Every structure is written in C-alpha cells, then in structure tokens.
Number of protein chains: 2
Amino acid sequence: MKLDPRHLEILAAIVEAGGLTEGAALLGKSQPSVSRSVSLLEDRVGEPLFLPTRRPLQPTELGIALAQEGQRILDAGRRASQTVDTYRRGLAGAVRVAGTPIFMDGVISSVIAEFQAEYPSIRIDQSYGYPAELLSKISSETLDVAILPIRPADVSDEFEFRQILPGRNVIACRVGHPLARKKEVRLEDITKYSWIAPPANSPLFRDLRNTLDGIGVRDLKISFTGGSLSAVVNVLTGSDSLTVLPFSVVFMMQRQNTLTSLPIKIGDPDRHLGCIALRDRRMSASSNRFLGFVEQKFKMLDRLICKA
Amino acid sequence: MKLDPRHLEILAAIVEAGGLTEGAALLGKSQPSVSRSVSLLEDRVGEPLFLPTRRPLQPTELGIALAQEGQRILDAGRRASQTVDTYRRGLAGAVRVAGTPIFMDGVISSVIAEFQAEYPSIRIDQSYGYPAELLSKISSETLDVAILPIRPADVSDEFEFRQILPGRNVIACRVGHPLARKKEVRLEDITKYSWIAPPANSPLFRDLRNTLDGIGVRDLKISFTGGSLSAVVNVLTGSDSLTVLPFSVVFMMQRQNTLTSLPIKIGDPDRHLGCIALRDRRMSASSNRFLGFVEQKFKMLDRLICKA
DNA sequence: CAAGTTTCATAACGCAAAGTTATATAATTC
DNA sequence: GAATTATATAACTTTGCGTTATGAAACTTG
C-alpha cells in the first residue's frame with residue numbers, strides 16, 4: 001500500500017518535536033491540519049502510530065519506524081530545495097561554451113580556469129566550432145554561449161552579441177626571430193620567410209589572405225597548414241616561419257616568452273570578438289554568470305593590451 | 001522553497017523510465033497527470049527540468065539532481081510500506097508481556113525463547129507483577145498480555161481470558177530428598193521439614209497456606225521466604241526444605257533433574273493459569289501472534305504433563 | 001517528404017484532501 | 001477541582017490530483 005510521503009514528513013516532524021502543536025509549528029502549518037493528516041495516515045496504515053490518551057504524545061513502535069522514513073524524506077526534500085536554490089542563483093549547473101579553436105585555446109581557456117576556481121560547482125562543457133555552426137547550435141539550444149569573431153551587423157535579432165575585444169590581427173613569430181629585433185619591418189623582409197596557415201575553413205585563414213593581399217604580398221610560401229594553436233606555436237617557435245594571429249593570443253603568449261609580433265601595421269579585420277547567446281536571457285543563471293565573468297575579465301585584458 | 005515530495009517522486013520515475021508515458025505507467029497513473037505534475041514542479045522551481053522539444057525526453061542537470069532526491073523519497077516510501085506490512089502481519093513489532101514471577105521464570109521464559117527463535121523481529125518486553133496490577137496495566141494499555149493464575153469468574157468482561165493450564169500445585173523438594181523415595185508420604189512425615197515460602201503477597205503464598213491448612217498442618221517452620229524462583233530452587237536443592245509450587249514449574253525442573261514432587265495429594269487451587277488480554281482483539285498483530293503461540297505450546301505441554 | 005505513429009501538452013471536470021478559524025474535549029498542573 | 005495546555009472535531013474554502021478526450025508536436029517509414 002502506497003503511503004503519502006507528505007504524511008510521513010508530518011509524522012517525522014511530530015515525533016521529532018514531541019507533540020502535534022510543536023510539530024505543526026516546525027512545518028509551518030496549523031495544529032488541526034497536522035492532526036487530521038495523522039488521523040488519515042493512521043486510518044490507512046490500520047495501526048495506531050501514537051499511544052492513546054498519553055501526553056506527552058508517545059509514538060508506537062510502528063510510529064517510530066515510519067517517522068524514521070519520514071525524516072529521510074524531509075532530508076531529501078531539503079537537499080532538493082537547496083539544490084534548486086544554488087542553481088537559481090547560478091552557483092551550480094553547467095555551461096556549454098564553444099568558440100573558434102585558436103582563440104579558445106589562446107585566451108578563453110585561461111579565463112575558464114579562473115572561472116572554475118571561483119565557481120567550482122559549475123561545470124563547463126567546452127567545444128570548438130566555426131561561426132556558422134556555432135550560431136546554429138545556439139539557436140537549437142544545444143549550446144549556451146559562443147565566443148567568436150563576427151561582424152556585429154551579421155548577428156541576427158535572435159541573438160545577443162556582446163563585444164569583448166576589437167578585432168586586431170598581427171603577424172606573429174617566435175621570440176628571437178631575426179625580424180623581431182628590427183625597429184621597422186618592410187614588405188620585402190617578410191616575403192623571405194615561409195608561412196603557417198590556419199585551417200582553410202577558419203576565419204583566421206581569410207584574415208591571413210586579406211592581410212597579405214592588403215600589404216601586397218602575392219605569392220607566399222606556406223610551409224604548414226591546419227593544426228591547433230599549440231601545433232602552430234610549436235612550429236613557430238621551432239622555425240623562422242610567420243603567421244597571422246589575433247593580437248590577444250600573441251599577447252597572452254608573450255607572457256610565456258614564446259611568441260611575439262612584428263612591428264608592422266596590417267589591416268584590422270571587420271569582425272570583432274564577442275560572446276553570443278540567445279536574446280532575452282533565455283538561459284540558465286550559471287550561463288549568465290559565466291557571460292558576466294568573461295566580459296569582466298576581458299575588460300581588464302583590454303586595458304592591459306591598450307597599455308602595451 | 002518547499003517542494004512537494006510527490007512531485008520529486010514523479011520526476012524520479014520519469015527520469016528512470018525515460019519518458020512521461022513510461023513513468024506514468026511505472027507509478028500507475030495516467031500520462032496527463034504526471035505531465036501536469038511536472039509542469040507544476042517546473043513552475044515552482046523556476047527552471048526547466050527537461051530539455052525542450054527533444055525526444056527521447058532528456059532531463060536537465062537540475063532535473064537529474066532533483067530526480068536523485070526523488071529516488072530517495074521513493075525508496076523511503078517503499079521501506080515505510082514494507083514496514084507497515086510486516087507490522088500488520090504480526091511479523092515485527094513489540095509485545096509487552098508480564099506475569100507472576102515464579103511462573104514466568106519457571107515456564108514462560110522458555111516459551112518466549114522458542115517464540116523469539118521463530119519470530120526474531122518481534123521484540124518481547126517482559127516484566128513481573130501480581131494479578132491485580134497486571135489487570136490494571138492491561139486495562140490502561142501499558143501491557144499487552146498478562147499470564148497469571150486467576151479464577152475465571154473473576155475476569156471481567158473487559159478482558160479475554162484463555163486458560164492454558166489447569167491449576168495444580170504440588171509439594172516440591174530436591175531430587176534425592178528423603179521423602180522423595182517413599183511410595184506414599186504421610187502427614188507426620190512432612191511436618192519434620194522446614195518450609196520455604198514465596199513472597200507474602202503472592203498468590204502462591206495463599207496456595208501454600210490453603211494447602212497446609214487443607215492437609216491439617218498448623219504450625220510450620222518457615223526457613224526462607226521471598227526471593228525469585230532461582231533463589232527458591234537454590235535453597236531447595238541445597239537443603240531438605242519443602243515448598244509448594246505449580247506442578248508445571250516442577251515438571252520443567254524435573255527435566256534438569258533438580259526438583260521433584262512428593263507423592264502426596266493436595267487440594268488444587270481454584271485459580272487456573274491463563275493469558276489475559278483486552279477483549280475484541282484490540283491489540284497488535286504481533287501480540288496476537290504471541291498469544292496464539294503460547295496457547296499452542298501449552299497445549300503440547302499439557303499433553304506431556306498428563307502423560308506423566 | 002508525406003503519411004502514420006508515438007509522445008507529450010492542454011482542456012474540462014469531479015473529487016480527495018490540505019488549509020484555514022472557531023470550538024469542544026481531554027490531560028496535566030497547581 | 002480549577003486553570004491551563006494539548007489534541008480532536010467541525011465547517012468551509014482552495015488547491016491540485018486524477019480521470020477522459022483531444023490537440024499538437026516530433027520521430028519513423030515507405
């Protein structure tokens with residue numbers, strides 16, 4: 001026979017508090033209410049749960065046994081409420097975040113690390129992708145936050161775009177590269193070196209083409225293509241190759257004294273780095289918290305970069 | 001915020017079963033019913049518990065966390081139902097039983113031992129008392145079963161009396177007592193020995209006086225009075241004293257070759273041994289089970305005694 | 001990709017029971 | 001035995017569960 005878990009909770013409260021009145025107070029209900037609930041429970045159980053006509057109210061053996069289960073139910077309920085509370089306040093949960101590979105690895109991953117240090121109960125599910133698919137995943141709600149370079153005008157009304165860094169690319173090379181010491185680098189200098197190209201379908205690859213077109217470089221030697229940021233970095237540091245990278249990525253690598261940028265001005269892309277999510281806060285509190293955190297960190301990073 | 005434990009149960013069932021329809025079946029409810037319950041729960045929680053427009057239905061992080069608590073509630077409920085069931089069938093619980101000291105120690109205690117071997121989950125709370133107080137305790141429901149010698153006519157309608165042995169006393173002495181070897185014992189033989197008397201307020205003490213009056217003994221030497229059965233037995237076996245004991249007690253002691261009875265006929269008391277409980281089965285199933293067990297064991301004992 | 005099947009959501013309504021306040025009754029205290 | 005306190009009962013409102021019927025999605029299949 002199925003018992004109402006609420007009845008067991010009430011029983012537990014009464015047994016713990018030592019009386020109907022106190023139990024009712026404990027539950028925030030009126031005394032007649034719990035009195036009748038106990039009656040109903042006794043009727044269904046078919047056995048007395050309290051010794052009759054004795055005060056202070058004393059539970060029977062069975063009453064004690066059932067109250068114990070009621071206590072577990074109360075505990076589970078309390079844990080559940082607690083869980084809901086932390087989720088609502090965005091202190092627990094999961095955030096599905098994705099972005100373009102180079103930028104994710106070069107900049108975002110360390111921001112995520114800081115975030116997790118502050119909110120250890122929020123799980124981050126990170127993945128990679130290029131703008132078109134990222135937007136579609138946001139749209140189908142299989143992704144909470146996308147971090148990507150995009151033209152603000154290209155963002156449809158469905159999404160909310162928050163810029164975190166202006167688009168700015170540089171030509172990157174290893175620390176100690178022959179060109180890095182020069183005060184000024186000229187066109188003919190860079191044509192002597194071979195180039196590393198990002199994957200052909202990445203925005204960065206388009207930036208590379210545009211950049212080189214812009215400064216008049218027509219035929220370039222591509223010695224390496226594809227690969228992740230760490231592959232690119234390894235090849236760069238192990239050779240005199242050049243490549244185009246977001247300045248923020250190079251900035252982060254400079255701290256580790258691995259990469260640097262050439263003192264040559266190249267055109268900035270018309271895409272800017274930002275976070276994209278569904279409009280109208282249609283996302284979890286933890287995602288919101290993550291978004292806010294990323295914005296804040298990039299404000300600080302932006303200031304650092306401007307000083308540099 | 002307090003959540004309805006029934007909602008958490010439903011959530012657990014749905015998550016476990018993998019769908020609303022299957023979850024509803026698992027709970028023995030209709031699909032619309034659980035559908036609405038989930039909606040209500042989601043409203044109160046304020047966060048989605050299932051990913052929208054996806055089938056098979058997939059719970060969110062929060063949904064999984066809450067379902068886990070729901071599972072605990074389900075488990076507690078099942079254990080509670082199970083507990084009620086065993087109590088109702090009299091396979092668990094407690095029986096408060098009391099009786100006159102000599103008879104409890106001499107006969108009932110071994111029956112209780114057998115009972116506990118068969119029903120290990122039933123706890124026996126045993127105590128001692130004389131008839132008047134035993135009846136009042138039964139009346140006030142602080143006692144479930146009394147085992148005592150009483151005149152059937154003295155049992156009021158409030159109680160139910162079940163005779164388990166006819167009243168029959170004997171003069172008891174140690175095995176190897178000088179009188180025990182005789183084929184026939186005469187009055188003048190027993191007057192030579194000193195007597196052990198039970199506590200002055202016990203029914204057995206009245207039996208002792210009546211018996212000795214009946215066979216014409218006027219002045220008797222009382223060498224020991226009071227004490228429990230084991231004290232009486234120790235004194236009896238260590239001396240040539242005599243005393244009056246219920247035959248059933250001596251019968252049990254004979255098995256251990258400690259006591260025996262004299263071959264002299266004495267008048268039987270008008271009280272008979274029996275169990276007393278409240279009329280109309282106003283007691284727990286476990287008490288009923290105990291009563292039935294005692295009756296059955298004494299039917300067997302009665303047959304053994306009659307043969308002897 | 002259109003048709004069919006499955007699964008979930010919504011609607012409407014009866015009913016069980018939780019909740020309330022007011023009040024009676026029983027236990028305990030003094 | 002009177003006063004006090006605790007529990008039970010009464011009368012009534014409101015909430016929400018449970019039902020069947022039906023609509024609307026989403027997956028499956030030919």
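Not measured: the values here are computed from a predicted model. Below, chain A is the first sequence line, B the second, and so on; all start at residue 1.
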I need the CD-C1' distance between A/Glu9 and C/dG19, as an integer number of Å. 16 Å
D/dT5 P sits how many Å from A/Leu57 CG, rounded? 18 Å
Quick one: side-chain hydrogen bond (donor to acceptor under 3.5 Å, both in side chains) partners of A/Lys2, sequence neighbours excluded? B/Glu9
Residues two or more places apart in sequence or in another chain: which of them pass side chain to side chain contact (heavy atoms under 4.5 Å, CB included) with A/Gln163? A/Phe161, A/Pro166, A/His272
Rounding to a whole Å, what distance do you find between A/Leu11:CG and D/dT7:C1'? 16 Å
Using whole Å, report how far CG of A/Leu20 lies from P of C/dA26. 16 Å
To the nearest angstrom, the CZ-P distance between B/Phe50 and C/dT7 comes to 15 Å
Sequence neighbours excluded, which residues qualify as side chain to side chain contact (heavy atoms under 4.5 Å, CB included) partners of B/Asn201? B/Tyr130, B/Pro199
Sorted by chain and residue number, the side-chain hydrogen bond (donor to acceptor under 3.5 Å, both in side chains) partners of A/Arg6 (sequence neighbours excluded) come out as A/Asp4
Find the distance A/Leu3:CG to C/dA17:P and express it as a whole number of Å. 13 Å
Rounded to 10°, tell me the angle between the two end axes of the helix from C/dC1-D/dG30 to C/dC30-D/dG1, each built from five pairs. 50°
Base-contact (B) and sugar-phosphate-only (S) positions in nucleotides 17-22 of chain D, heavy-atom cut-off under 4.0 Å, - elsewhere: BBBBB-
Looking at A/Arg88 and B/Glu47, does any basic side-chain N land under 4.0 Å from a carboxylate oxygen? no
Length of the CG-P vector between A/Leu26 and D/dA6, whole Å: 15 Å
Test side-chain hydrogen bond (donor to acceptor under 3.5 Å, both in side chains) applied to B/Arg151 - qualifying residues, sequence neighbours left out: B/Asp154, B/Asp270
Considering residues at least two apart in sequence or located in another chain, which fulfil the side-chain hydrogen bond (donor to acceptor under 3.5 Å, both in side chains) criterion with A/Glu61? B/Arg123
With A/Glu158, which residues qualify under salt bridge (Lys or Arg N to Asp or Glu O under 4.0 Å), at least two apart? none
N-O pairing of B/Arg72 and B/Asp75 below 4.0 Å: no
Measure the distance from CG on B/Leu49 to C1' on C/dC8 and round it to the nearest whole Å. 15 Å
Within the structure, does a side-chain N or O atom of B/Thr21 lie under 4.0 Å from either OP1 or OP2 of C/dC8? yes
